[in-house]
Trainee: 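Could you have a look at this structure, given as structure tokens, before my questions?
Sequence positions, counted from 1, serve as the residue numbers for this chain. Because the structure is predicted, anything quoted here is derived from the model rather than measured.
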Amino acid sequence: MSSSMKKVEPQAGQSSESTSPKSEVDDDDSSLSLSSLSKLILPPLGVSSYNQNQIKSKGWVISPMDSRYRCWETFMVTLVFYSAWVYPFEVAFFSSSPPRKLYIADNIVDLFFAVDIVLTFFVAYIDSRTQLLVRDSKKIAVRYLSTWFLMDVASTIPYEALGYLFTGKSKVGISYSLLGLLRFWRLRRVKQLFTRLEKDIRFSYFWIRCARLLAVTLFLVHCAGCLYYLLADRYPHEGNTWLGSVNPNFRETSLWIRYISALYWSITTMTTVGYGDLHAVNTVEMIFIIFYMLFNLGLTAYIIGNMTNLVVEGTRRTMEFRNSIEAASNFVCRNRLPPRLKEQILAYMCLRFKAESLNQQQLIEQLPKSIYTNICQQLFLPTVEKVYLFNGTSKEIRLHLVAKMKAEYIPPREDVIMQNEAPEDVYIIVSGEVEIIDCEMDKELIVGTLHSGDMFGELGALCCRPQRFTFRTKTLSQLLRLKTTDLIEAMQSKQEDNVAILKNFLQHNKRLKDLKIGVESVDEDDDPKNISINLLTVAETGNAAFLDELLKARLDPDIGDSKGRTPLHIAASKGHEECVLVLLKHACNVHLRDMNGNTALWDAISSKHHSIFRILYHCAAISDPFTAGDLLCTAAKRNDLNVMQELLTHGLSVDAKNRNGLTALQIAMKEKHEEMVDLLVMNGADVINTNTYEFSSTTLNEMLKKREIGHRITVKDAPSSEEILKKIEGKDHVGNLSKCSSGLDQLRVSIYKGNPLMRKESGCMEPGRLIRLPGSLEELKNIAGEKFGIDTKNAIVTDESGAEIDSIEVIRDNDKLFIFEVPIDYYM
């Protein structure tokens with residue numbers, strides 16, 4: 001997780017439960033409801049600085065997704081309905097000027113449309129090619145002037161009022177009425193409204209489509225009826241018209257009766273092949289009806305034929321989307337899922353619908369690999385380079401990882417990673433915000449917020465353990481998803497990058513104190529380049545997978561803390577068998593002692609971790625035949641009866657000798673530990689050289705008499721050596737451990753060129769060579785001669801203190817040896 005994470009920590013004098021209420025996940029302001037999903041604008045791929053807060057207006061520029069502007073658009077649509085109905089009605093049924101109230105209403109409507117024209121110069125627009133919001137005032141003005149400005153102005157001019165000003169007559173000519181046809185240009189707003197409502201999941205798609213078809217039908221019927229009445233009203237012979245033949249004085253009839261008669265004719269003509277009581281009488285009416293019927297035939301054929309296919313094809317995705325929404329809603333209701341989960345499901349489906357319409361991922365995946373890689377580099381590489389995990393890595397590994405990443409859009413309030421979920425993917429935030437939530441006892445607490453350039457999920461991926469937190473999007477977020485397997489594979493491809501990534505990971509989590517692997521024990525003033533100390537903290541938590549990754553980076557498995565305890569000491573005392581196996585596979589030294597003189601074997605048996613003790617004992621006994629004697633003598637000297645009983649239980653020979661040739665009984669008698677002597681004697685210890693030590697012979701004789709009854713300790717059935725070796729060699733805890741079992745029965749030493757004392761004085765930093773210890777000293781000199789190019793005829797081998805080594809038997813595992821040529825008179 002990124003260092004920009006803002007942790008919520010209690011202040012001094014406060015408990016952790018008294019933090020601000022804002023830390024709880026109840027902030028509804030950060031989430032978007034389903035009604036606002038249509039306002040989301042998907043950011044371009046790879047853009048991190050894109051402003052997601054697009055639904056609010058800023059300065060003089062108005063966002064088209066702003067709720068206030070949406071209300072204004074809806075209000076203007078109602079005015080469009082009014083003007084589309086009133087204009088043909090006024091032209092047909094009012095031969096003179098319309099009533100005063102209607103005239104005033106018309107001018108008020110025109111005034112609103114004039115205001116809308118001015119307002120449009122400040123409304124941002126969505127670019128049709130990029131699908132991005134353009135807020136540049138100059139671009140907005142140029143676009144409007146070059147597209148719809150002239151038509152909007154032409155449809156808003158009050159021609160009747162201008163005619164009255166120019167002619168002085170209240171009754172204007174037919175030319176002014178024809179110019180009023182430009183008001184039908186406003187109908188495009190209705191089309192935009194219905195298109196938006198069809199994609200809004202709050203409304204029924206079926207009823208929206210029905211309302212749209214009904215509105216089109218009624219508008220055509222209304223216009224045709226008004227025009228047909230206009231022909232009858234303007235015809236010079238009143239009785240020789242379709243309406244005059246039925247009612248000679250039709251002008252004296254009520255206005256609504258005449259209007260209904262016109263609608264009746266229009267509907268029957270459109271839906272039937274005969275007229276009935278209303279039919280054409282004069283030639284003009286016949287000509288009009290001919291064209292009207294032809295129009296109806298063409299309209300019917302268009303709807304049944306081509307329009308059907310176009311509508312189905314054009315609305316196929318929308319219909320599929322709405323069907324999926326309906327199916328998801330039914331699924332939620334049928335299974336009684338909580339409302340919040342329902343919102344998450346619907347929000348995800350809505351966002352996926354918007355993302356699919358752009359065809360971004362599908363497009364780039366169809367391209368050749370070289371082009372696809374170049375596109376990913378252009379889009380995502382700047383963001384990946386800002387991620388802390390890849391600081392100091394080579395460009396090759398970054399390019400390789402970028403080609404493996406996939407961009408995803410995640411809606412607000414969506415859980416990307418669940419707490420305790422298995423680590424499968426790693427995510428990088430390109431844009432948006434992600435909250436880190438700790439779920440405890442059904443209570444959710446926000447412990448931090450991640451922003452653009454941050455990463456999450458790497459803790460579970462690199463440590464191979466369940467996720468500690470839930471990661472939930474706070475806003476619409478664009479994320480780069482990388483599979484854990486791809487990340488691990490890339491790390492293992494190059495050793496330098498592997499080390500750099502592990503260093504970045506450890507230093508980052510050490511700085512955040514968020515990785516609970518014993519961070520408190522690490523000194524903050526340590527050299528950040530020396531990350532071997534983290535082996536101790538990782539071993540303490542038992543994270544075998546991450547421990548293996550660190551050891552693969554060639555860190556020293558025998559690093560010790562201030563008390564001399566190695567990772568093997570810690571893992572053995574804590575009972576982390578997986579970590580012990582990992583350390584053994586990387587050839588750690590099982591014989592190292594801490595400042596108290598304890599080996600990992602002693603820590604394992606004293607902590608009663610029996611399986612670990614058997615594994616370590618098998619490995620130690622191969623390289624050191626005095627292992628059993630040293631353990632028993634140490635227990636006897638410390639008078640630790642519990643450990644002695646455990647050792648005897650595991651079948652260690654009670655008469656085993658340490659490297660000084662002493663048995664545990666001799667040590668116990670020398671130290672006068674009567675209970676320990678009794679325990680050893682009762683378990684068959686061979687009583688020899690009893691006079692060497694000051695110990696009561698009477699007491700010893702009593703113990704020997706009691707021993708005739710039987711031993712106290714029952715030896716457990718321990719696994720065979722073959723089974724233990726198979727377990728060490730064959731257990732694969734993280735999937736790719738190298739087989740290092742051959743290092744368990746063969747000693748390793750480090751050889752250096754030069755005199756150790758002279759090297760220290762001159763500050764020589766020439767590196768040495770790690771080799772397997774050969775069978776003789778001559779072979780060791782020959783190997784050193786090949787490595788360093790020196791003449792071994794007059795060479796000697798010394799230890800760190802400068803003492804000469806003349807026998808291969810005195811060399812122990814992990815010793816540091818120094819080889820150098822000496823003058824001929826060196827021994828004189």
Trainee: Just do the side chain to side chain contact (heavy atoms under 4.5 Å, CB included) check on Trp85 and Leu218 with the steps written out, would you?
Mentor: CA-CA 10 Å; Trp85 180 84; Leu218 292 179; over 6 Å; no
Trainee: Using the test side-chain contact (heavy atoms from CB on, under 4.5 Å), find all partners of Gln378 that sit at least two apart in sequence or belong to another chain.
Mentor: none
Trainee: With a 4.5 Å heavy-atom cut-off, do Phe149 and Phe121 have their side chains touching?
Mentor: yes
Trainee: Give me the atom names and distance for the closest heavy-atom approach of Arg472 to Ile437.
Mentor: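 Looking at all heavy atoms of both residues, the shortest contact is NH1-CD1, 3.5 Å.
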Trainee: Side chains of His222 and Pro88: does their closest heavy-atom pair fall under 4.5 Å?
Mentor: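 When only atoms from C-beta onward are counted, Pro88 and His222 do touch, with a gap below 4.5 Å.
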Trainee: With rounding to the nearest 0.5 Å, note down the distance linking OG in Ser266 to OH in Tyr264.
Mentor: 12.5 Å
Trainee: Could you tell me whether Arg186 sits above the aromatic face of Phe113, with NZ or CZ closer than 6.0 angstrom to the six-membered ring centre and within 45 degrees of the axis?
Mentor: yes
Trainee: Within the side chain of Thr473, is there an N or O that forms a donor-acceptor pair under 3.5 Å with the backbone of Arg413?
Mentor: yes
Trainee: Could you measure the distance from the CG atom of Leu263 to the CH2 atom of Trp256? Nearest 0.5 Å is fine.
Mentor: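 Reported value, rounded in 0.5 Å steps: 9.5 Å.
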Trainee: How many angstroms lie between OG1 in Thr120 and CD1 in Ile62, if you round to the nearest 0.5 Å?
Mentor: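 Output value for this atom pair is 9.0 Å.
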Trainee: For residues Arg183 and Ile157, report the shortest heavy-atom separation together with the two atoms involved.
Mentor: NH2-O, 3.7 Å
Trainee: Name all residues meeting the side-chain contact (heavy atoms from CB on, under 4.5 Å) criterion together with Ala154; count only those two or more places apart in sequence or in a different chain, and write none if there are none.
Mentor: Tyr159, Leu182
Trainee: Would Tyr259 and Phe93 count as a close aromatic pair, with their ring centres under 6.0 Å?
Mentor: yes
Trainee: If every non-hydrogen atom of Val61 is compared with every non-hydrogen atom of Ser137, which pair is closest and at what distance?
Mentor: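 Scanning both residues, the minimum pair turns out to be CG2-OG, 3.8 Å.
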Trainee: Between Ser452 and Val430 (side chain of the first, backbone of the second, donor and acceptor by atom type, cut-off under 3.5 Å), is there such a pair?
Mentor: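 Yes, Ser452 side chain to Val430 backbone: donor-acceptor pair under 3.5 Å.
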Trainee: With sequence neighbours excluded, tell me which residues meet salt bridge (charged side-chain N to carboxylate O under 4.0 Å, His left out) with Glu433.
Mentor: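 Once residues adjacent in sequence are excluded, the partners of Glu433 under the salt bridge (charged side-chain N to carboxylate O under 4.0 Å, His left out) criterion are Lys474.
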Trainee: With the side chain counted from C-beta on, respond yes when Phe380 and Ile428 share a heavy-atom pair under 4.5 Å apart, and no when they do not.
Mentor: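 A side-chain contact under 4.5 Å is absent here.
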Trainee: Taking only residues two or more places apart in sequence or in another chain, which ones pass side-chain contact (heavy atoms from CB on, under 4.5 Å) with Asp152?
Mentor: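 Checked Asp152 against side-chain contact (heavy atoms from CB on, under 4.5 Å); matches are Ile117, Tyr144, Trp148, Trp185, Arg188.
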Trainee: I would like to know whether Val115 and Trp72 meet side chain to side chain contact (heavy atoms under 4.5 Å, CB included); could you show each step before the answer?
Mentor: CA-CA 11 Å; Val115 172; Trp72 171 263; 4.2 Å; yes
Trainee: Check whether any side-chain heavy atom of Pro158 lies under 4.5 Å from a side-chain heavy atom of Asp106, and answer yes or no.
Mentor: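 Side-chain contact under 4.5 Å: no.
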Trainee: Kindly indicate whether the side chain of Glu444, heavy atoms from C-beta on, has any atom under 4.5 Å from the side chain of Glu435.
Mentor: no
Trainee: Compare every heavy atom of Ala224 with every heavy atom of Trp265, then report the nearest pair and how far apart it is.
Mentor: CZ3-O, 4.1 Å
Trainee: With a 4.5 Å heavy-atom cut-off, do Val216 and Leu220 have their side chains touching?
Mentor: yes
Trainee: As an exercise, state the distance from CD1 of Ile140 to CZ of Phe122, rounded to the nearest 0.5 Å.
Mentor: 9.5 Å
Trainee: With distance as the sole test, does Asp116 use its side chain to make a donor-acceptor pair with the main-chain N or O of Phe112 at under 3.5 Å?
Mentor: no
Trainee: Which heavy-atom pair separates Gln478 from Ala407 by the least distance, and what is that distance?
Mentor: OE1-CB, 4.2 Å
Trainee: Take Arg234 and Thr241 through the test side chain to side chain contact (heavy atoms under 4.5 Å, CB included) and record every step on the way to the result.
Mentor: CA-CA 10 Å; Arg234 300 296 192 272; Thr241 63; over 6 Å; no
Trainee: How long is the straight-line distance from CZ of Phe94 back to CG of Asp233, given to the nearest 0.5 Å?
Mentor: 11.5 Å
Trainee: Could you grab the distance from atom CG of Leu379 to atom CG of Leu480, nearest 0.5 Å is fine?
Mentor: 9.5 Å
Trainee: How about Arg481 and Leu479: do any of their side-chain heavy atoms sit closer than 4.5 Å?
Mentor: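 Result no, sub-4.5 Å side-chain heavy-atom pair not found.
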Trainee: Does the distance from a Lys or Arg side-chain N to an Asp or Glu carboxylate O, for Lys138 and Asp136, drop under 4.0 Å?
Mentor: no
Trainee: Who pairs with Ala328 by side-chain contact (heavy atoms from CB on, under 4.5 Å), at least two apart in sequence or on another chain?
Mentor: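 Only Ile345, Leu346, Met349 meet the side-chain contact (heavy atoms from CB on, under 4.5 Å) criterion with Ala328.
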Trainee: List the residues meeting ring pair (Phe, Tyr, Trp, His ring centres under 6.0 Å) with Phe184, not counting sequence neighbours, and say none if there are none.
Mentor: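 So Phe184 forms a ring pair (Phe, Tyr, Trp, His ring centres under 6.0 Å) with Tyr87, Phe219.
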Trainee: Please find the pair of heavy atoms, one from Ala92 and one from Cys226, that lie closest to each other, and give the distance.
Mentor: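 Nearest heavy atoms, Ala92 then Cys226: CB-O, 3.1 Å.
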Trainee: Could you check whether any side-chain heavy atom of Arg70 comes within less than 4.5 Å of a side-chain heavy atom of Glu73, counting everything from C-beta outward?
Mentor: yes
